[in-house]
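Report on the structure given below.
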Number of protein chains: 2
Amino acid sequence: MSEKKVSAAVIRRLPRYFRYLGELLNQGIDRISSNELSERMGVTASQIRQDLNCFGGFGQQGFGYQVDFLYNEIGNILGVYNGYTVIIIGAGNLGRALANYRFFNREGYKIIGIFDNAQEVVGETIKDLTVLHVDALEQFMGQQQADIAILAIPRDTVPDIAEKLVKYGIKGLWNYSFAELSFDEPVAVENVHLSDSLMTLSYKVAQLEK
Amino acid sequence: MSEKKVSAAVIRRLPRYFRYLGELLNQGIDRISSNELSERMGVTASQIRQDLNCFGGFGQQGFGYQVDFLYNEIGNILGVYNGYTVIIIGAGNLGRALANYRFFNREGYKIIGIFDNAQEVVGETIKDLTVLHVDALEQFMGQQQADIAILAIPRDTVPDIAEKLVKYGIKGLWNYSFAELSFDEPVAVENVHLSDSLMTLSYKVAQLEK
DNA sequence: TAGATTGTTAATCGATTAACAATC
DNA sequence: TAGATTGTTAATCGATTAACAATC
């Protein structure tokens with residue numbers, strides 16, 4: 001295994017390549033050079049070749065890259081085809097929005113459960129799934145293998161639930177709350193701070209006005 | 001003006017400082033050294049001092065930083081107190097979730113309009129706001145100054161609407177779609193690619209299994 | 001084969017970290 | 001004043017870009 005420890009910067013660019021290649025596929029383009037892709041994406045061809053070669057030689061000299069092949073390879077690297085199962089913790093507005101997020105179905109992610117702690121929400125049906133009480137999590141996790149949990153609950157409720165999920169064997173946490181998470185166990189965590197993104201935008205807007 | 005062109009890496013860290021300082025305020029801590037903050041945040045004290053000094057000397061030698069003062073300064077830099085007005089384009093699940101996102105009210109952002117193109121949604125009330133038809137955007141923008149527009153609509157509808165919004169004088173676009181935006185006019189754009197975040201998580205999960 | 005474009009090494013650039021003089 | 005900690009310069013590290021030999 002040529003595990004050279006790929007930098008986070010490279011990893012974060014992979015989904016973008018994946019998107020652009022998917023787009024090319026839709027357009028019926030079956031072959032592309034790093035140079036043409038670089039023009040479309042607004043990055044350097046050098047960076048594209050460097051990035052890809054962290055994982056292997058996916059191109060052919062003198063020819064370029066086969067779009068469908070490269071698309072699939074990047075999808076594999078990202079684990080898009082691993083059929084990861086997803087549960088949503090929190091059936092509020094955000095949880096519902098994510099439950100209906102089409103990306104999950106378009107790619108290989110499958111939502112298999114939605115949980116909430118409010119009695120008036122438990123029993124409701126969202127996207128063919130009956131909302132369960134969070135207290136049912138342990139039992140649920142004993143019966144089904146959920147790989148990823150989306151944390152769409154208020155900050156103060158997160159640490160407790162997150163710890164339980166890890167205990168029950170969750171592999172990844174997609175955290176939409178402000179809570180900072182860290183565990184002794186090997187768990188993948190990805191934080192989505194929408195407010196950070198908004199404030200970054202806000203900064204850019206403020207800059208325009210100067 | 002000491003406009004030294006602050007790097008994007010620094011800008012993206014500011015919201016995180018802002019969050020941590022807000023937390024310290026809540027805890028009643030009124031003074032902190034770069035060293036202690038670095039331990040809490042898991043970054044180097046050097047980086048904190050370097051970052052802050054891109055904007056000015058906010059500390060006191062031998063003493064540290066006054067938490068409330070620094071919090072406010074960073075808020076100012078980020079434009080959090082500029083009272084930016086926000087409109088939401090798209091009253092689907094995501095638009096509704098964002099309409100109810102408490103961060104807006106907690107900080108100085110004010111949602112003043114929600115728009116959709118579906119007749120069955122227009123007229124509905126979300127968060128005290130009546131959903132308007134997107135065709136009413138021009139008139140609306142003629143009467144009120146909306147600073148930021150949230151694009152929570154399908155990709156193919158984005159370019160057209162975005163162009164109009166820019167024409168009507170929008171200053172910032174918070175783009176949740178896959179559409180890639182670019183304009184001749186000076187407009188701030190911040191893209192939120194939730195799917196990129198999910199795939200990054202997916203990659204990390206896949207790594208655990210090796 | 002000649003032309004094109006990759007894979008990869010080397011050069012550059014920028015960002016992070018370390019060190020320390022300034023100063024509260 | 002002495003001690004502490006900043007602001008800032010210098011050193012290091014890593015990431016990006018450029019160049020080119022390998023090869024399809």
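Sequence lines set the chain letters: A, B, ... in the order given, protein chains first and strands last, and positions in each chain run from 1.
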* To do: Take atom CG of A:Asn53 and atom P of D:dA15, then tell me their distance rounded to the nearest Å.
  => 16 Å

* **Sequence-aligned protein contact record of nucleotides 17-24 of chain D, with B where the base is within under 4.0 Å of a protein heavy atom and S where only the sugar-phosphate is** => BBBB-BBB

* Structure fact -> Here the gap from A:Glu36 atom CD to A:Ile48 atom CD1, rounded to the nearest 0.5 Å, amounts to 10.5 Å

* Asked: What is the distance from NZ of A:Lys5 to P of D:dC13, rounded to the nearest Å?
  -> 14 Å

* Nucleotide opposite D:dT23 in a Watson-Crick or G-U pair, distances under 3.5 Å -> C:dA4

* What is the distance from CG of A:Asp51 to C1' of C:dT6, rounded to the nearest Å? -> 15 Å

* **Distance in angstrom units between A:Arg12 CZ and D:dT16 P, rounded** => 13 Å

* Asked: If only side-chain N and O atoms of B:Ser34 are considered, is one of them under 4.0 Å from the OP1 or OP2 phosphate oxygen of D:dT5?
  -> no

* To do: With heavy atoms under 4.0 Å as the rule, sort A:Arg13 into base, sugar-phosphate or nothing.
  => sugar-phosphate

* A:Leu70 CG to C:dT6 C1': how many Å, rounded? -> 13 Å

* Asked: Got a second to check how far A:Asn100's CG is from B:Leu94's CG, nearest 0.5 Å?
  -> 10.5 Å

* Side-chain heavy-atom pair A:Thr200, B:Ile11 within 4.5 angstrom cut-off -> yes

* Structure fact -> Taken to the nearest whole Å, CG/A:Leu52 to P/D:dT16 is 14 Å

* Give a yes or no on whether B:Arg102 atom CZ has more than 12 heavy-atom contacts from other residues, nucleotides or ligands under 6.0 Å away. => no

* **B:Phe55 CZ - D:dT6 P separation (whole Å)** => 18 Å

* Asked: B:Leu208 versus A:Pro186: any side-chain heavy-atom pair under 4.5 Å?
  -> yes

* Looking at side-chain heavy atoms only, is the closest gap between A:Ile88 and A:Leu129 below 4.5 Å? -> no

* Paired with C:dA15: which nucleotide, if any, by Watson-Crick or G-U wobble criteria at under 3.5 Å for both distances? -> D:dT12

* Side chain proximity check, A:Trp174 to A:Val86, heavy atoms < 4.5 angstrom -> no

